[in-house]
Number of protein chains: 2
Amino acid sequence: MSNSQTVVNPLFLRDEDLRQAIELLFFAYRDFTKRADAILADQHMGRAHHRVVYFVGRHPGISVSELLEILAITKQSLSRVLSHLVREGYIVQKTGTADRRQRLLHLTEKGRKLEVDLTTEQRARIAAAYKTAGAVAVEGFRKVTLGIMDPAARQRFAPGDG
Amino acid sequence: MSNSQTVVNPLFLRDEDLRQAIELLFFAYRDFTKRADAILADQHMGRAHHRVVYFVGRHPGISVSELLEILAITKQSLSRVLSHLVREGYIVQKTGTADRRQRLLHLTEKGRKLEVDLTTEQRARIAAAYKTAGAVAVEGFRKVTLGIMDPAARQRFAPGDG
DNA sequence: GGATATATGTCAACAATGCTGACGTATATG
DNA sequence: CATATACGTCAGCATTGTTGACATATATCC
């Protein structure tokens, strides 16, 4: 029965280890977002704009409600940045064909360019970290971050889904 | 076109892999901070208060300038939350003995209790993720997050450097 | 076809948390 | 004694989250 090392395992989780994990997450995230935040500030935008542009780029034709679920914020909070991005020509809204109540979101060329500007450095950061750490470490990073997030979010990464 | 295979390496870093890493980080961080944020909101505080309480608990007697370096914010931003925490009795400031200009920070009992309240769920989250993922994965998570952060921050985790 | 639910948008007010700029005090150091 | 450093504070501004209320268009159910 104890053939699964996920239950009985050789991990000694000292307080120090847990604290270190908290700090790894904090410093990695802090530095990961720094450069994009600076670019955004130059254009009178913030991290919220980045997230919208990123996920619309990731899921072209995403509905507002799907986007709300990903971001886990209120529609009023989203509305502020989304309407700004539409007004400034980064995003276009297309009425859904199956459901005409929906406003399906797409990046414009301008929006695509912004997305690239913002994530180029982030991608390079990840690529460098992945290369230095190696394939086994990458799989470990994947497992642990998936374990940290809520099960609902975890499903987004299920194989053969999305 | 973003051709991500321009560098030859054993890792095939497709655009998809890099995007996934960005999202793993986003969802893990989003859910990791959610519960603590809710507790803080009940007490008219925010994530900034948590960070101060956390790092003061982590480094008793830390100076204001050291704390500023960790948080990477301005002293004016820190001042707002720090003076609130001192005023409300979560943190005490002790004049440095070697350098009397310094205001060395310590948690009070009340501050210690808050810190525990805020991080208990976070620790449990990490512990569960670590146990499920296993020791090898934990080492991978460590390597990758260290690779993502700036070299300056990485040094904080250097062996033999408390 | 009319009642009801859903998708989306908007106005208003408020709080937390970054920022810049300017200025002040105490203490250390050359 | 001059200057630098550690820390604090006041003021103003932008971003981004919240709650609450209300409006419109479209879908769906009986």
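Every value quoted in this text rests on a predicted model; they were computed, and no experiment measured them. Residue numbers begin at 1 in each chain, while the letters A, B, ... track the order of the sequences.
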Please classify the nucleic acid contact of [X] as base, sugar-phosphate, or nothing, using heavy-atom distances under 4.0 Å.
{"X": "Thr74(B)", "answer": "base"}
{"X": "Glu66(A)", "answer": "nothing"}
{"X": "Asp99(B)", "answer": "sugar-phosphate"}

From the set [options], return the single nucleotide nearest to any side-chain atom of [X].
{"X": "Arg80(A)", "options": "dA13(C), dA7(C), dT15(D)", "result": "dA13(C)"}
{"X": "His44(A)", "options": "dT17(C), dT15(D), dT18(D)", "result": "dT15(D)"}
{"X": "Arg101(A)", "options": "dT6(C), dA28(C), dT16(D)", "result": "dT6(C)"}
{"X": "Gln76(B)", "options": "dT17(C), dT8(C), dC10(D)", "result": "dC10(D)"}
{"X": "Lys75(A)", "options": "dT8(C), dA6(D), dG8(D)", "result": "dT8(C)"}
{"X": "Arg47(B)", "options": "dT17(C), dC7(D), dC19(C)", "result": "dT17(C)"}

Can you check whether [X] has a side-chain N or O nearer than 4.0 Å to OP1 or OP2 of [N]?
{"X": "Arg51(B)", "N": "dA16(C)", "answer": "no"}
{"X": "Ser65(B)", "N": "dC7(D)", "answer": "yes"}
{"X": "Gln102(B)", "N": "dA28(C)", "answer": "no"}
{"X": "Ser77(A)", "N": "dT16(D)", "answer": "no"}

Salt-bridged, [X] to [Y], with N to O below 4.0 Å?
{"X": "Arg14(B)", "Y": "Asp17(B)", "result": "yes"}
{"X": "Glu69(A)", "Y": "Arg30(B)", "result": "no"}
{"X": "Arg156(A)", "Y": "Asp150(A)", "result": "no"}
{"X": "Arg125(B)", "Y": "Glu121(B)", "result": "yes"}

I need the [atom1]-[atom2] distance between [X] and [N], as an integer number of Å.
{"X": "Ile91(B)", "N": "dC7(D)", "atom1": "CD1", "atom2": "C1'", "answer": "15 Å"}
{"X": "Gln43(A)", "N": "dA14(D)", "atom1": "CD", "atom2": "C1'", "answer": "15 Å"}
{"X": "Leu104(B)", "N": "dA26(C)", "atom1": "CG", "atom2": "C1'", "answer": "15 Å"}
{"X": "Asp42(B)", "N": "dT18(D)", "atom1": "CG", "atom2": "P", "answer": "14 Å"}
{"X": "His84(A)", "N": "dT15(D)", "atom1": "NE2", "atom2": "P", "answer": "8 Å"}
{"X": "Ile73(B)", "N": "dT20(C)", "atom1": "CD1", "atom2": "P", "answer": "12 Å"}
{"X": "His50(A)", "N": "dG17(D)", "atom1": "NE2", "atom2": "P", "answer": "14 Å"}
{"X": "Leu82(B)", "N": "dG18(C)", "atom1": "CG", "atom2": "P", "answer": "13 Å"}

Practice task
Establish whether Leu82(B) and Phe26(A) are linked, either directly or via other cluster members, by ILVMFWY side-chain heavy-atom contacts under 4.5 Å.
Solution key: yes
Practice task
Take Ser83(B) and Thr97(A), find for each the nucleotide of DNA chain D with the closest heavy atom, and name the residue whose nucleotide sits nearer the 5' end.
Solution key: Ser83(B)
Fill in the blank from the handout: Sorted by position of nearest nucleotide on DNA chain D, 5' first, the leading residue of Arg103(A) and His49(A) is His49(A)
Exercise for the section: Examine distances only and state if a side-chain atom of Ser63(A) and a backbone atom of Glu66(A) form a donor-acceptor pair shorter than 3.5 Å. Expected result: yes
